*Asks:* 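One structure is given below, represented as structure tokens, and several questions about it will come after.
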Protein chains: 2
Amino acid sequence: MMDTILNLGLNDAVVDGLVKKTGNARFAYDSYRRFVQMYGDVVLGMKPVNKEDIDPFEAIIQKVKAERGIKLDNEMTVDDLKQLVVLFKNAIKEQTGKEFPNDPMEQLWGAICAVFDSWMNERAILYRKMEGIPQEWGTAVTVQAMVFGNMGDSSATGVCFSRDAGTGENLFNGEYLINAQGEDVVAGIRTPQQITKEGSLRWAAQQNIDEETRAAKYPSMEEAMPELYAQLFALQDKLEKHYHDMQDMEFTVQEGKLWFLQTRNGKRTGTAMVKIAMDLLHEGEIDEKTALVRCEPNKLDELLHPVFDKEALAQSHVLTRGLPASPGAASGQVVFFADDATKWHEDGHQVIMVRIETSPEDLAGMSAAEGILTARGGMTSHAAVVARGMGKCCVSGAGAIMVDYKARTLEIDGTIIREGDYISLNGSTGEVYLGEVKTRPAEVTGDFAELMDLCKKYSKLVVRTNADTPHDAEVASNFGAVGIGLCRTEHMFFENEKIKAMREMILANSTEEREKALEKLLPYQKQDFYGILKCMDGKPVNIRLLDPPLHEFVPHDLKGQEVMAEEMGVSVQFIQSRVSALSESNPMLGLRGCRLGNTFPEITAMQTKAILGAAVQLKKEGFDPKPEIMVPLVGIVNELDIQESIIRKTANKLFKKEGVEVEFKVGTMIEIPRAALTADVIAQKAEYFSFGTNDLTQMTFGYSRDDIASFLPSYLEKKILDVDPFQVLDQKGVGQLIQMGVEKGRKTRKNLKCGICGEHGGEPSSVKFCHRVGLNYVSCSPFRVPIARLAAAQAAVEEMK
Amino acid sequence: MMDTILNLGLNDAVVDGLVKKTGNARFAYDSYRRFVQMYGDVVLGMKPVNKEDIDPFEAIIQKVKAERGIKLDNEMTVDDLKQLVVLFKNAIKEQTGKEFPNDPMEQLWGAICAVFDSWMNERAILYRKMEGIPQEWGTAVTVQAMVFGNMGDSSATGVCFSRDAGTGENLFNGEYLINAQGEDVVAGIRTPQQITKEGSLRWAAQQNIDEETRAAKYPSMEEAMPELYAQLFALQDKLEKHYHDMQDMEFTVQEGKLWFLQTRNGKRTGTAMVKIAMDLLHEGEIDEKTALVRCEPNKLDELLHPVFDKEALAQSHVLTRGLPASPGAASGQVVFFADDATKWHEDGHQVIMVRIETSPEDLAGMSAAEGILTARGGMTSHAAVVARGMGKCCVSGAGAIMVDYKARTLEIDGTIIREGDYISLNGSTGEVYLGEVKTRPAEVTGDFAELMDLCKKYSKLVVRTNADTPHDAEVASNFGAVGIGLCRTEHMFFENEKIKAMREMILANSTEEREKALEKLLPYQKQDFYGILKCMDGKPVNIRLLDPPLHEFVPHDLKGQEVMAEEMGVSVQFIQSRVSALSESNPMLGLRGCRLGNTFPEITAMQTKAILGAAVQLKKEGFDPKPEIMVPLVGIVNELDIQESIIRKTANKLFKKEGVEVEFKVGTMIEIPRAALTADVIAQKAEYFSFGTNDLTQMTFGYSRDDIASFLPSYLEKKILDVDPFQVLDQKGVGQLIQMGVEKGRKTRKNLKCGICGEHGGEPSSVKFCHRVGLNYVSCSPFRVPIARLAAAQAAVEEMK
């Protein structure tokens, strides 16, 4: 967990010996001072005395340097360094009340315990939370003999990678510093030099440094220490071949001798991850299964969002850099307010919404924008979290930007940008560009395409998509979705004329009135289904019947109520009383799902007519539509039974009238615990199951997704929950119901097709669970399709082991 | 199902023959006319032609009698009767379009089919719904040879019971009519006479008929037909001894010969049910187990509500009679409005709330009243249903009362009753009395006590009660509750000063403020727990920690918000913003249950201090308190883990300080599906389980109890649901989770005590299920305790079979 390296064992006597042995008092006391400083910080937990100080020891160093009138560390004399050791020890005694330990063994045990303790510090906990590492694992401590990279110009220290961690290119690379310790490379005080000549040349080109200057001032290790470089190169090659993966290595040269400090599999970007895996596969270093398992599904996300056109980018000016909060690239006109974002978007503009911070009121605006830029907030700020949820590009916490809401301007280092000016954001790097930079959608090509082919080869589980529009369906198809696992019908109702007819249907006072309104809705619905079925020609399209509480559709504002009153020729009071009658204490547990279709069968009949009417038309036009009609929220087999018979009856009548028959299936969502518990009976009527894990999670835990925010943070903090169960499937509870549902369902109907269509369908650990319990498919949002495909393939490979 | 007796086989030829054979044309044609009439009604489904007619045939009879200027049926001549047959047949042809069938075999098949069809008519469906008879059973038809009770004065017909169906007294009784058919006894046109002399004497005394008149005009069968009576008496005795139960019998005497038409176990009141079972047991007719199984648990309800003092009742005047909507006896002052009921009640008055009809706004008033009287509405009206739910006496649909809300008066047959005047209601008979009639609470004595002792002897499951007040606890103890299965703490907070402190706690902005408010609540809570624990001395009292969403406690009215603002020294706006922050989309699935205690641990600490502080005090005073502390709404073991450690820590601190230790247990509700699914893990921390079947039903079905009204009626009508799952436990779904919870829990903790504390704990079929899955106890409202005890005993007995 804690990979700080502590140079233990120093005290006055040892340092005196070191001075005598090496004659290098400066080096000895600088090491001593560093050691006391680091030990004080990491082991003894020293805190800054004043709020404005970043580090208690740096404050002392600053003070000494100020007294001495010097600026750089290396301007300090040996006496300065000696004095620092004393001052550091005094500060430690003052703050901790204990003498600094001089006994090396005591130092060693202190350090070892500090490492073990670090497992439970806040940063470590957060890191584990983000990486999904179990708390029970614990950590280990390595005690190594010390070598020194700062014993003069024949010493050095460096960090290197066997391949490029950013692009994946098979190019040994890294940085080093002569006469330095590891911290110096990381600290950024001195400019590290490149290890390879190739790297050095590239670096110089990027920095606009001419070859003469480069060769003189920043020679590569390959040039400066050719023999040691040869050893290093051979070793990195050996290590990569041993571990069969890209290595991230640290080394030190002590007085002309190369020492290896550590090696580990290197962290890498999504692009590098895919390229390295495919390269290693081609090189014969790893086999296909290993290549699959090597790739982290969630990291594919980086490859799925729009990217900047490379040529356009080269000519662009980076204004500033914030946090890469949500990947992707976006260009648009600056707006500062949510309602402007919506308005401009409706008027056909592409906008970037710029805010100091975002809040829930900005949601609509964020949704309308191409990207979001904020001045404040980290990787887990509102803007960042929401944008990632929307799959929308976001740069957050760009501290250099000054937003003036009144003037509607944005200032970055003196550059003033006004509302309507173009900027561009790279959510994968955090870079903000002035002006418009062309973007292009992500494509599944090259290594990525090869990886996806491997997925197909090994997966048992296939991946469908959740899509309500032809556009979404197309995106998902390009990513390899083999069908639609969830097509929600309710999102289709929100356009102007449709919502009026929908409201008329809901507010109707009798079956006749309702049927009249449904007649108006029918052509709209049919047209929508026509579009989706056509775009997914030959692939199954699973359409869910109307699901949400009707209250969500009715007008809650007076103006909307007046419009409806006029539309329907009734009083506003009547509309208001109907609207208030529809309100529920717990709408999530109220009149929704198939309870709607069972209370108002005419809705089911209309939707069936629309779905199968569209399918019939397509078939007549020579297409091959494969509709599946899904009854939501079934808890009792009778609910499905009645709905199914309405669907079949309506279908038969339609087919007879049209003279064409279309094959279709009738299935159900398993999203009510009772449905899973009685799946054997439900399977008598259902031709397929789709596990709706959003609702199933809500009811299995008794959590409303809309209300969980009031206790989830506290629950995560107290480790009551390890993760948000709406993001990562709860395998022990909800998973148990899924497994039960599959087993019981297949007892009744041996080849029952089972899928999942909650948010979990795109979350890797959940997808793997779905594989293990024998689901046939998962369905997820279009941009999660490759992630789910990779997870599915990994699950299959892991099972073979 | 349909027990109408049809005299089939008559047509013109047969009737001619009958006239020739008997010489009694009047009898023959009267039988013929009855037959056509009944056949037309029951088999051919004849409907009245005009809306105001009750019966199409009666309308014809009325018309004929009017034309002939006669009033009584027996004034009609043979020709009149002949004419009626023709008119009836014509009417049938006109309405049904078919000739009346003259072929006896055709008549027979028509009748048989009509019986089978009757299984699905509305009335039959309703009856089954009420009685819980499965639809699949179907019905049977008996074809018997015909005998005639109307062949002159040596013929008769009657109905008799081997014991009194109202009181259970072991007295043969019944009614008969000379020269009549069965319908005549039921129809109420002629006054039937008593079968036994004893019955006849009692009847005459009640009717104020002197012995001379009685003996002359209304002789008993015992006196009028002594030989036949002797036969009848012997037969009833034989039949009862054969069936070992009270018999309800029908017989006919045809020209001096006794024919038995049918016998069946007689319907009876709750009182009669208990007495007959105990008498038969004492007589050695049945054994204890049979006596137990004979009693219908729900019928005990009649024995559990307050009854009128007999002497006081004898002197009272019956004003009118309505429907016996909810059993019990009540006396009080008349009020007409809900807020008056509440006000008067708060001022110490006992009130009867009188309404034309009640509506949901009247709930608070109904709850404050001793009884409810309505002018309109049937047995299933709002008033009736709500009153039964409250266990409150109600007489509904008393058509003779005239309510004048403006004048605040009530008129019954000329008697004017004003607001504040006393009336009394008998909810078991529907009688309304003028003035105050003393009532006394129901007691478990005599046969009832004996039955309860039998229950104790055979039950494995014990019965606890849900009680929040010492009064409820006492009522339940008297009915045999062996502890409190659910003591809710939230109901305790609604009194004036308490609610203020509670609101202060909820609206607090920091832990410190919250703790300050909790300090104020502590003494109130402690006092409440002291009362309950004391009254249940030596018996377990299971106290649930705070459960409902906090939103339920905060003031939603401006005035209340102003009070809180002043109380807390903050602005009204602040209070309003806190109130609105607490509102949730689905409060049922939001911040409630142990989510409260885990978000605000100081609440749990305060409640623990109050519960165990009260227990310590009682122990010091020499009592033996047995508190159990229950953590609600657990879905994850960690939730319980944290709560348990707060409770234990608080307890240890308290015990140390007080120098006294009290034994207590920490358990949990199993009311979240996930808790049942992971009961093995939860049992590691829980010392007992209490299945909260209200919430468990909500989440297993995904139904909100508050919102189910929008689709439940439709679901019951369409047979999607057989019963309301909040009233009768859903054994297949929710029950599966309970069974799983018990089994898994006991795998971890072998002797884990398991109980149930939802509404289902007092519903007989649910109690039996609880026995079968091995629960240790059920807990129900005080007035359901004996019902649950009987059901528990029956379950044990049924298992022995």
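Residue numbering restarts at 1 for every chain, and letters A, B, ... go by the order of the sequence lines. Just so it is clear, the model here is predicted, and its values are computed rather than measured.
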*Asks:* Check whether I642(B) gets within reach of chain A through its side chain, its backbone, both or neither, counting any heavy atom under 4.5 Å.
*Replies:*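 The side chain, not the backbone.
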*Asks:* Which is it for S704(B) and E584(A) under the side chain to side chain contact (heavy atoms under 4.5 Å, CB included) test, yes or no, and what are the steps along the way?
*Replies:* CA-CA 9 Å; S704(B) 154; E584(A) 295 181 298; over 6 Å; no
*Asks:* Take E639(B) and K718(A) through the side chain to side chain contact (heavy atoms under 4.5 Å, CB included) test and state the conclusion after the steps.
*Replies:* CA-CA 9 Å; E639(B) 290 177 304; K718(A) 292 182 183 170; over 6 Å; no
*Asks:* What verdict does the side chain to side chain contact (heavy atoms under 4.5 Å, CB included) test give for F711(B) and T599(A), after you've listed the backbone C-alpha separation in whole Å, the side-chain angles of each residue and the deciding distance to 0.1 Å?
*Replies:* CA-CA 7 Å; F711(B) 59 90; T599(A) 312; 3.9 Å; yes
*Asks:* With a 4.5 angstrom heavy-atom cut-off, is it the side chain or the backbone of S714(B) that approaches chain A, or both, or neither?
*Replies:*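 Looking at S714(B), just its side chain touches chain A.
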*Asks:* Return the option, out of P713(A), P587(A), A581(A), A675(A), with the maximum number of heavy-atom pairs under 4.5 Å with chain B.
*Replies:* P587(A)
*Asks:* Let me see the working for T700(B) and L677(A) under side chain to side chain contact (heavy atoms under 4.5 Å, CB included), right down to the final yes or no.
*Replies:* CA-CA 9 Å; T700(B) 306; L677(A) 291 163; 3.9 Å; yes
*Asks:* Kindly check if the number of other-residue, nucleotide or ligand heavy atoms within 6.0 Å of NZ (K649(B)) is above 12?
*Replies:*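 Incorrect, the count does not exceed 12.
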*Asks:* At a 4.5 Å cut-off on heavy atoms, which part of I720(A) comes close to chain B: side chain, backbone, both, or neither?
*Replies:* both
*Asks:* Pick whichever of G635(A), G590(A), S585(A) has the most heavy-atom pairs under 4.5 Å with chain B.
*Replies:* S585(A)
*Asks:* With chain B, which of L582(A), N586(A), N638(A) has the greatest number of heavy-atom pairs at distances under 4.5 Å?
*Replies:*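 If we count pairs closer than 4.5 Å to chain B, N586(A) comes out on top.
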*Asks:* Do you know which of L596(A), D706(A), L591(A) has the most heavy-atom pairs under 4.5 Å to chain B?
*Replies:*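 The option with the most such pairs is L591(A).
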*Asks:* Can you tell me how far apart CG (N598(B)) and CD (E717(A)) are? Round to the nearest 0.5 Å.
*Replies:* 11.5 Å
*Asks:* Supply the atom-to-atom distance D730(A) CG to I636(B) CD1, rounded to the nearest 0.5 angstrom.
*Replies:*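 Here the rounded value is 7.5 Å.
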*Asks:* Sort D641(B) into side chain, backbone, both or neither according to what part of it lies under 4.5 angstrom from a heavy atom of chain A.
*Replies:* neither
*Asks:* Among Q736(B), M699(B), K732(B), find the one that has a side chain to side chain contact (heavy atoms under 4.5 Å, CB included) with R674(A).
*Replies:* K732(B)
*Asks:* So what's closer than 4.5 Å to chain A heavy atoms on P601(B): side chain, backbone, both or neither?
*Replies:* side chain
